[in-house]
Amino acid sequence: MNSVERIEIVLPGKVEPEGLELHRGPVPVPAAGQVVVAMEATGVSFAEQQMRRGRYYDQPPFPFVPGYDLVGTVLTVGEGVDRGLLGTRVAALTKTGGWASHIALDAADVVAVPAGISAVDAETAVVNGITAWQMLHRKARVRAGQTVLVHGANGGVGSVLVQLALAAGAQVIGTASPRHHDALRALGVTPVDYRSGDVPARVRALAPGGVDAVFDHVGGEGIVSSWRLLARGGTLVSYGSAATRDDEGSGASPVLKLLGRVWLWNWLPNGRSAYFFNIWAGRAYAKDRFRARLRADLTQVFAALRSGEITAKVAAEIPLARVSEAMRLAESGTVAGKVVLVP
């Protein structure tokens, strides 16, 4: 790659994966307070799958560069930024813009990646790791001895979530297709086939008194079953609506429906609680606090990655220029872990 050329992937509108466009241009120059990062790894998450359908809740207008997070090396720094950051490997949560060889970011938004963690391994733990950590420890506040249910236990967020829950001393039940069951058992997870009959009945057989937390990325009508599986004092954390991924119409309606249910369930005097998790909550009105929390939590996730409490689950490494192939693979539902894009 020519060092003075920037490559980016543009989502021009509602297109099939093959409709993503590769654009070339100059490497950005950092403004005051910014750094320019040379991307080493970025990823395909559920958010981009929704965005290409025009169904992500608050995506920008087309065209734009997708890419929810990235890991890379600081190439240049702007005025007022510590020059000690030059050459440092950092991670950032971006929401959009990560699918590019170079990206300008506010220096306050990057988090150092500890030595000994590769860029690709670190990438699997940025949005997935922060999401899992905050849902487990800030929302559900899971403690040793509790029992939790993780839907999609082999997925990008789910695979991190089950490992963090086990590290916290919890018993973990995880839904997944049978081909992932042996790997889940090896971790210490009790697997349940999400396609074989009555999943709630199978979970109740394993946890007759209910579970202490459910982490649900599926949404749709199945969220009601997740709520009913909670023990008294239990917490439901909803963090997506995979069940409605291929639906037509507004991307906001499934989220608004989930929010309505969460509000109603929290209002009922039944000793249980529910949350709809939004990783960006608080950024608009308390940016410094948001950044401090994100930095603290990602630092904890990287520490868990380096110590082996969690392991990176890399489904595939695919060059950025072959992003349509990466998107197809991520959407196929056949892989465990994260599809990572590299320069």
Side-chain angles (χ1 to χ4, degrees), residues 46 57-58 130-153 155 157-158 160-162 164-175 189-190 192 194 197-244 247 250-286 289-290 293 296-297:
F46 184 70
Y57 178 60
D58 57 352
I130 296 166
T131 298
W133 182 273
Q134 293 186 347
M135 291 194 303
L136 190 77
H137 293 296
R138 292 189 182 272
K139 294 299 184 187
R141 301 184 183 276
V142 168
R143 303 181 302 280
Q146 292 189 323
T147 299
V148 305
L149 171 63
V150 177
H151 287 297
V157 174
V160 180
L161 193 47
V162 297
L164 288 175
L166 289 165
Q171 303 291 316
V172 181
I173 302 167
T175 66
V189 176
T190 303
V192 170
Y194 70 91
D198 191 346
V199 169
R202 301 195 64 182
V203 173
R204 284 191 196 96
L206 294 166
V211 295
D212 298 292
V214 182
F215 301 94
D216 188 314
H217 72 300
V218 182
E221 292 307 310
I223 198 76
V224 177
S225 295
S226 290
W227 173 252
R228 289 174 177 165
L229 286 169
L230 288 176
R232 187 167 182 85
T235 304
L236 167 65
V237 187
S238 169
Y239 66 104
S241 188
T244 63
D247 290 0
S250 167
S253 57
V255 173
L256 294 173
K257 192 170 183 179
L258 283 170
L259 287 170
R261 279 182 160 147
V262 164
W263 180 86
L264 175 62
W265 286 334
N266 281 327
W267 182 78
L268 295 171
N270 55 29
R272 295 175 288 179
S273 56
Y275 297 96
F276 184 80
F277 179 78
N278 172 15
I279 200 169
W280 299 100
R283 182 176 172 85
Y285 55 84
R289 184 179 172 192
F290 171 88
R293 186 177 62 217
D297 293 347

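Heavy atoms only: backbone and side chains are in, while hydrogens, waters and symmetry mates are out.
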Output the distance between atom [atom1] ([X]) and atom [atom2] ([Y]), rounded to the nearest 0.5 Å.
X    : Y    : atom1 : atom2 : answer
R202 : T175 : CZ    : OG1   : 11.0 Å
N278 : D58  : CG    : CG    : 7.5 Å
Y57  : W280 : OH    : CH2   : 15.5 Å
D216 : S225 : CG    : OG    : 9.0 Å
Y239 : H151 : OH    : NE2   : 9.5 Å

Under the salt bridge (charged side-chain N to carboxylate O under 4.0 Å, His left out) rule, collect the residues that match up with R293, sequence neighbours excluded.
->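 Not a single residue meets the salt bridge (charged side-chain N to carboxylate O under 4.0 Å, His left out) criterion with R293.
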
Please say which of I173, V203, V199 ends up in a side-chain contact (heavy atoms from CB on, under 4.5 Å) with L229.
->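 Checked I173, V203, V199 against L229; only one passes side-chain contact (heavy atoms from CB on, under 4.5 Å): V203.
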
Pick from V157, L164, V162: which one makes a side-chain contact (heavy atoms from CB on, under 4.5 Å) with V160?
->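 Looking at V157, L164, V162, the match for V160 under the side-chain contact (heavy atoms from CB on, under 4.5 Å) is L164.
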
Take Q146 and R141 through the side chain to side chain contact (heavy atoms under 4.5 Å, CB included) test and state the conclusion after the steps.
-> CA-CA 10 Å; Q146 292 189 323; R141 301 184 183 276; over 6 Å; no

Parallel, tilted or perpendicular: which describes the rings of W133 and H137, with under 30° parallel and over 60° perpendicular?
->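 It falls in the tilted class, 30° to 60°.
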
4.5 Å side-chain heavy-atom contact, I223 and L236 |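 Of all side-chain heavy-atom pairs linking L236 with I223, at least one is under 4.5 Å.
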
Donor-acceptor check, side chain of [X] to backbone of [Y], threshold 3.5 angstrom: yes or no?
X    : Y    : result
R232 : N270 : yes
D212 : T147 : yes
N266 : A274 : yes

Pairs flagged by salt bridge (Lys or Arg N to Asp or Glu O under 4.0 Å) wherever residues 272-284 is involved - sequence neighbours left out =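 Pairs touching residues 272-284 that pass the test: D109-R283.
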
Checking side chain to side chain contact (heavy atoms under 4.5 Å, CB included) for the pair F215/L136: CA distance, chi angles, key distance, verdict?
-> CA-CA 9 Å; F215 301 94; L136 190 77; 3.9 Å; yes

More than 12 non-hydrogen atoms from neighbouring residues, nucleotides or ligands closer than 6.0 Å to CD on Q134, yes or no?
-> yes

Hey, is CZ on R228 packed in by over 12 heavy atoms from elsewhere, all under 6.0 Å?
-> no

For the pair L206 and L149, evaluate side chain to side chain contact (heavy atoms under 4.5 Å, CB included) and give the outcome as yes or no after the intermediate values.
-> CA-CA 11 Å; L206 294 166; L149 171 63; over 6 Å; no

Smallest separation among heavy atoms of V142 and A170, with atom names =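 Closest approach of V142 to A170: CG1-CB, 3.8 Å.
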
Evaluate the side chain to side chain contact (heavy atoms under 4.5 Å, CB included) criterion for residues K139 and F277: first the C-alpha distance (whole Å), next the side-chain angles of each, then the deciding distance (0.1 Å), finally the verdict.
-> CA-CA 8 Å; K139 294 299 184 187; F277 179 78; 4.2 Å; yes

